Chemist: 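Mind having a look at this structure? Questions to follow.
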2 protein chains.
Amino acid sequence: MTNNEIEKKLESKNVKPTAMRNLVYKTLVDSGKALSLADLEQQFEKVERSTIFRALKTFEDNFIVHTVDDGSGSVKYAVCDDDCTCNIHDLHVHFYCTRCGRTRCMKELPIPNIKLPEGYTYDNAQFIINGVCPRCD
Amino acid sequence: MTNNEIEKKLESKNVKPTAMRNLVYKTLVDSGKALSLADLEQQFEKVERSTIFRALKTFEDNFIVHTVDDGSGSVKYAVCDDDCTCNIHDLHVHFYCTRCGRTRCMKELPIPNIKLPEGYTYDNAQFIINGVCPRCD
DNA sequence: TAAGTTAGTGCAACACTATTGCATAGTTTA
DNA sequence: TAAACTATGCAATAGTGTTGCACTAACTTA
Ligand SMILES: [Mn+2]
Ligand SMILES: [Mn+2]
Ligand SMILES: [Zn+2]
Ligand SMILES: [Zn+2]
């Protein structure tokens with residue numbers, strides 16, 4: 001993804017593209033998987049944790065990334081689809097490989113609709129499957 | 001649940017019932033919901049965090065409790081059914097109320113079976129639904 | 001353009017969760 | 001009883017997430 005494309009993308013979501021934000025976004029896209037704050041921090045040594053953190057929060061608030069809590073102990077971030085508004089219709093299964101620790105969006109697997117008992121309302125959901133990925137099998 | 005019943009229960013799972021363990025187990029059962037380490041710690045002031053922690057780990061290892069990572073920031077623990085071996089067949093949906101913070105086992109809602117793409121194996125899963133519970137509605 | 005205002009970044013500190021080493025107390029076994 | 005094991009308490013530690021504050025870059029507007 002070119003820097004230009006990234007800037008367009010962020011602008012289209014009303015986020016001002018800064019050097020840091022572009023870098024964080026590009027890293028997420030290029031990795032093709034969900035990354036934690038610590039993962040990102042490592043990838044570029046010289047950048048402040050809090051800056052990355054705030055970039056991610058901004059992205060999250062503007063439907064640029066969504067979070068995945070895969071039970072590994074740290075929240076991970078993955079890029080949203082273009083048209084994502086992070087509501088029920090955009091929810092999908094996430095796969096956490098217990099061998100390599102990779103977490104992947106299974107966008108082809110929407111979260112199945114569950115009929116809750118009377119009185120419960122449904123805002124959001126996380127469906128994490130733990131297992132071994134093809135790479136590690 | 002009487003102390004005697006608790007002791008029988010723990011023994012049936014090959015865990016020696018000690019005063020602390022009985023207390024932790026009883027508290028979990030009586031609460032009727034999933035509790036975090038911090039929740040438990042508060043409920044009985046004078047007990048060491050690490051002792052509770054180790055009791056919970058022992059319970060988990062012996063299929064007496066299972067964990068729920070509801071995204072609240074702390075792992076919660078809930079009592080297993082008698083015949084639970086914490087495998088795929090025992091998995092159920094958990095409901096996290098974003099108002100009161102209560103996490104409940106929805107044992108009546110088994111985790112739906114998902115057909116993963118070729119090459120993925122399935123060991124375990126967590127399906128958390130966030131919303132508002134009847135109490136808070 | 002210069003001054004004023006806003007937004008982003010870096011640094012440091014902090015809260016909280018989870019976890020462990022080690023000493024001690026308690027229990028079981030030979 | 002003495003030896004061996006198990007559980008507990010205490011203290012320390014690592015890791016994650018989060019925030020206050022000062023500084024700088026960017027933008028606005030007179
Ligand atoms: Mn995803
Ligand atoms: Mn449960
Ligand atoms: Zn893998
Ligand atoms: Zn509630």
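All of these numbers come straight from a predicted model, not from anything done at the bench. We name chains A, B, ... by the order of the sequence lines, and we start the count at 1 in each one.
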Chemist: Find which nucleotide of DNA chain D each of Ala38(A) and Glu48(A) is nearest to by heavy atoms, and output the residue with the more 5' nucleotide.
Modeler: Ala38(A)

Chemist: Which is true for Ser74(A) with a 4.0 Å heavy-atom rule: it touches a base, it touches only sugar-phosphate, or it touches nothing?
Modeler: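 Counting heavy atoms under 4.0 Å across all strands, the contact made by Ser74(A) is with sugar-phosphate only.
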
Chemist: Could you please name the option among dA11(D), dT8(D), dG17(D) that lies closest to any side-chain atom of Arg54(B)?
Modeler: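 The answer is dT8(D).
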
Chemist: Please state how far atom CG in Leu56(A) lies from atom C1' in dG8(C), giving the value in whole angstrom units.
Modeler: 15 Å

Chemist: Contact class for Arg49(A) vs. all strands (heavy atom < 4.0 Å): base, sugar-phosphate, or nothing?
Modeler: base

Chemist: Measure from the side chain of Ser50(B), starting at C-beta and using heavy atoms only, and say which of dT9(C), dA11(D), dA7(D) lies closest.
Modeler: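 Per side-chain heavy atoms of Ser50(B), the pick is dA11(D).
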
Chemist: If I compare all heavy atoms of Lys9(B) with all of Ser12(B), which pair ends up nearest, and what's the gap?
Modeler: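 That closest heavy-atom pairing would be O-OG, 2.6 Å.
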
Chemist: Which whole-number value in Å describes the distance from Leu10(B) CG to dT6(D) P?
Modeler: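 It is 17 Å, rounded to the nearest whole Å.
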
Chemist: In terms of ring plane angle, is the pair His66(B) and His94(B) parallel, tilted or perpendicular, where the classes change at 30° and 60°?
Modeler: tilted

Chemist: Counting side-chain heavy atoms from C-beta on, which of dA18(C), dG10(C), dC10(D) comes nearest to Leu37(B)?
Modeler: dA18(C)

Chemist: Is the shortest side-chain N/O distance from Thr51(A) to OP1 or OP2 of dG10(C) below 4.0 Å?
Modeler: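 So the side-chain polar atoms of Thr51(A) do come within 4.0 Å of the phosphate oxygens OP1 or OP2 of dG10(C), strictly under.
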
Chemist: Which donor-acceptor pairs under 3.5 Å do side chains of residues 111-121 of chain B form with protein atoms, sequence neighbours excluded?
Modeler:
residue	atom	partner	partner atom	Å
Tyr120(B)	OH	Arg104(A)	NH1	2.4
Thr121(B)	OG1	Val132(A)	N	3.2

Chemist: Starting at atom CZ of Phe53(A), determine the distance to atom C1' of dA13(C), rounded to an integer number of angstrom.
Modeler: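 Distance, rounded to whole Å: 15 Å.
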
Chemist: OP1 or OP2 of dG9(D) sitting under 4.0 Å from any side-chain N/O of Lys46(B)?
Modeler: no

Chemist: If you check the Met20(B) side chain, which of dT19(C), dG8(C), dG9(D) turns out closest?
Modeler: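 Nucleotide nearest to Met20(B)'s side chain: dG9(D).
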
Chemist: State, without any angle test, whether Asp69(A) and Gln126(A) hold a side-chain donor-acceptor pair at a distance under 3.5 Å.
Modeler: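 Judged by distance alone, the side chains do not pair up.
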
Chemist: To the nearest Å, how far apart are Ile52(B) CD1 and dT17(C) C1'?
Modeler: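 From Ile52(B) CD1 to dT17(C) C1': 13 Å.
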
Chemist: Round to a whole Å and report the spacing from NZ of Lys76(A) to C1' of dG15(D).
Modeler: 14 Å

Chemist: Which nucleotide wins on minimum distance to the side chain of Arg21(B), given the candidates dA7(D), dT19(C), dT9(C)?
Modeler: dA7(D)

Chemist: Take the protein atom NZ of Lys16(A) and the nucleotide atom C1' of dC27(D), then report the distance between them rounded to whole Å.
Modeler: 7 Å

